[in-house]
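When a residue number appears, it is its place in the shown sequence, counting from 1.
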Amino acid sequence: MKVRRVEECRLIDLPKISSESGNLTFIESGRHLPFEYRRVYHIYDIPGGAIRGAHAHKECHSFLIAISGSFDVTLNDGHSTATFHLNRSYYGLYICPGIWRSLDNFSSGAVCLAFASDLYDEQDYWRDYDQYLTAIGLGKA
Ligand code: T46
């Protein structure tokens, strides 16, 4: 398995068409994101203090947008961590495979819109942090 680093993940600005009647942002698969997306989902009605994610994907690339409200995304590759505060709908966070992610600090009414490179597959998840570290070669001896 290719070892991935947090540094491969990044914020990506999206097109923003502004007019007196409001703004419009769009995403074309394969053009604005570094992967072709096959699945779109959103998480919403998130209770205060909730944590989402807390897992890593083996092959799936992700792109997360705070389409409403705000939240934090903390990334961890076993060596380093980085936290991104998402609070605008005209940019998002690209997360490559093999990175542990946690989402928290959701504002009231926050909605996370997510694009994924693959269809949902539970086999693509590491949900146990120690198993994740072992899989990427950083497990306890
Ligand atoms: C991420 C955040 C933002 C499905 O049936 N289909 C789907 O496409 C997804 C994403 C989930 N599910 C089922 C699987 C579980 O029974 O919904 C349940 C919760 O899924 P999950 O633990 O993946 O939910 P989150 O919100 O913790 O994480 C998801 C993404 O997996 C994750 O990559 O960044 O949303």
A.B. asks: Is there a side-chain contact between Pro34 and Ile12 in this structure, where contact means two heavy atoms from C-beta onward sitting under 4.5 Å apart?
C.D. replies: yes

A.B. asks: Measuring from atom CG of Asp124 to atom CG of Leu119, what distance do you get when rounded to the nearest 0.5 angstrom?
C.D. replies: 11.0 Å

A.B. asks: Taking all heavy atoms of Leu14 and all of Ser89, pick out the closest pair and write down the distance.
C.D. replies: CD1-O, 4.2 Å

A.B. asks: Between Ser29 and Glu36 (side chain of the first, backbone of the second, donor and acceptor by atom type, cut-off under 3.5 Å), is there such a pair?
C.D. replies: no

A.B. asks: Could you label the plane-to-plane angle of the Phe115 and Phe63 rings as parallel, tilted or perpendicular, counting under 30° as parallel and over 60° as perpendicular?
C.D. replies: tilted

A.B. asks: So His32 and Phe26, do their side chains get closer than 4.5 Å, heavy atoms only?
C.D. replies: yes

A.B. asks: Can Ile43 be reached from Tyr94 by stepping across I, L, V, M, F, W or Y side chains whose heavy atoms are under 4.5 Å apart?
C.D. replies: no

A.B. asks: Rounded to the nearest 0.5 Å, what separation is found between the NE2 atom of His61 and the SG atom of Cys96?
C.D. replies: 7.5 Å

A.B. asks: Can you name the closest pair of heavy atoms from Ser18 and Asn23 and give their distance?
C.D. replies: OG-OD1, 3.0 Å

A.B. asks: Determine whether Ser80 and Glu7 make a side-chain contact, defined as any pair of heavy atoms from C-beta on separated by less than 4.5 Å.
C.D. replies: yes

A.B. asks: Compare all side-chain heavy atoms of Ser117 with those of Tyr37 and state whether any distance is below 4.5 angstrom.
C.D. replies: no

A.B. asks: Restricting to non-hydrogen atoms, name the atom on Ala116 and the atom on Cys60 that form the minimum distance, rounded to 0.1 Å.
C.D. replies: CB-SG, 3.7 Å

A.B. asks: Return the orientation label for the His57 and His55 ring planes: parallel under 30°, perpendicular over 60°, tilted otherwise.
C.D. replies: perpendicular

A.B. asks: Before you tell me yes or no, could you show the steps for Phe71 and Ile46 under side chain to side chain contact (heavy atoms under 4.5 Å, CB included), namely the whole-Å CA-CA distance, both residues' side-chain angles and the distance that decides it to 0.1 Å?
C.D. replies: CA-CA 10 Å; Phe71 53 86; Ile46 304 154; over 6 Å; no

A.B. asks: Does the pair Asn76 and Thr81 meet the rule for a side chain to side chain donor-acceptor pair (under 3.5 Å), with working shown?
C.D. replies: CA-CA 4 Å; Asn76 174 0; Thr81 65; over 6 Å; no

A.B. asks: Answer yes if Val40 and Ile27 sit in the same cluster of Ile, Leu, Val, Met, Phe, Trp and Tyr residues linked by side chain heavy atoms under 4.5 Å apart, and no otherwise.
C.D. replies: yes

A.B. asks: Give a yes or no on whether the backbone of Gly98 and the side-chain of Arg4 come within a donor-acceptor separation of less than 3.5 Å.
C.D. replies: no

A.B. asks: Looking at Tyr125, I'd like to know if the NZ or CZ of Arg127 sits under 6.0 Å from its six-membered ring centre while staying within 45 degrees of the ring's axis.
C.D. replies: yes

A.B. asks: Would you call His42 and Cys112 a side-chain contact if the rule is heavy atoms closer than 4.5 Å?
C.D. replies: no

A.B. asks: Does the side chain of Phe106 come within less than 4.5 Å of Asp72's, by heavy atoms?
C.D. replies: no

A.B. asks: Under 6.0 Å from the CD atom of Glu122, do we count more than 12 heavy atoms belonging to anything else shown?
C.D. replies: yes

A.B. asks: I need the single residue from Thr74, Ile95, Leu93 that forms a side chain to side chain contact (heavy atoms under 4.5 Å, CB included) with Phe84. Which is it?
C.D. replies: Leu93

A.B. asks: Would Tyr132 and Leu75 show up in the same hydrophobic cluster when neighbours are defined by side-chain heavy atoms closer than 4.5 Å?
C.D. replies: no

A.B. asks: Ile99, Leu33: one ILVMFWY side-chain cluster at the under-4.5 Å cut-off?
C.D. replies: no

A.B. asks: Between Arg101 and Ser62, is any side-chain donor less than 3.5 angstrom from a side-chain acceptor?
C.D. replies: yes

A.B. asks: Side chain of Ser68, backbone of Val111: donor and acceptor closer than 3.5 Å?
C.D. replies: no

A.B. asks: What are the two closest heavy atoms between Arg88 and Ile65, and how far apart are they?
C.D. replies: O-CG2, 4.0 Å

A.B. asks: When you check the gap from the basic side-chain N to the acidic O, do Arg5 and Asp77 get nearer than 4.0 Å?
C.D. replies: yes

A.B. asks: How far does CD of Gln131 sit from CD1 of Ile136, to the nearest 0.5 angstrom?
C.D. replies: 13.0 Å

A.B. asks: Does some side-chain heavy atom of Leu64 sit less than 4.5 Å from a side-chain heavy atom of Leu113?
C.D. replies: no

A.B. asks: Between CH2 of Trp100 and CH2 of Trp126, what distance do you get to the nearest 0.5 Å?
C.D. replies: 10.0 Å

A.B. asks: How far does CD1 of Ile17 sit from OG1 of Thr25, to the nearest 0.5 angstrom?
C.D. replies: 8.0 Å

A.B. asks: What is the distance from atom CG of Leu133 to atom CG of Asp128, rounded to the nearest 0.5 Å?
C.D. replies: 9.0 Å

A.B. asks: Would you say Lys58's side chain and Gln123's backbone share a donor-acceptor pair under 3.5 angstrom?
C.D. replies: yes

A.B. asks: Counting heavy atoms not belonging to Glu59, are there more than 12 under 6.0 Å from its CD?
C.D. replies: no

A.B. asks: With a 4.5 Å heavy-atom cut-off, do Ile51 and Leu103 have their side chains touching?
C.D. replies: no

A.B. asks: List the steps and the verdict of side chain to side chain contact (heavy atoms under 4.5 Å, CB included) for Ser102 and Val73.
C.D. replies: CA-CA 6 Å; Ser102 289; Val73 185; over 6 Å; no

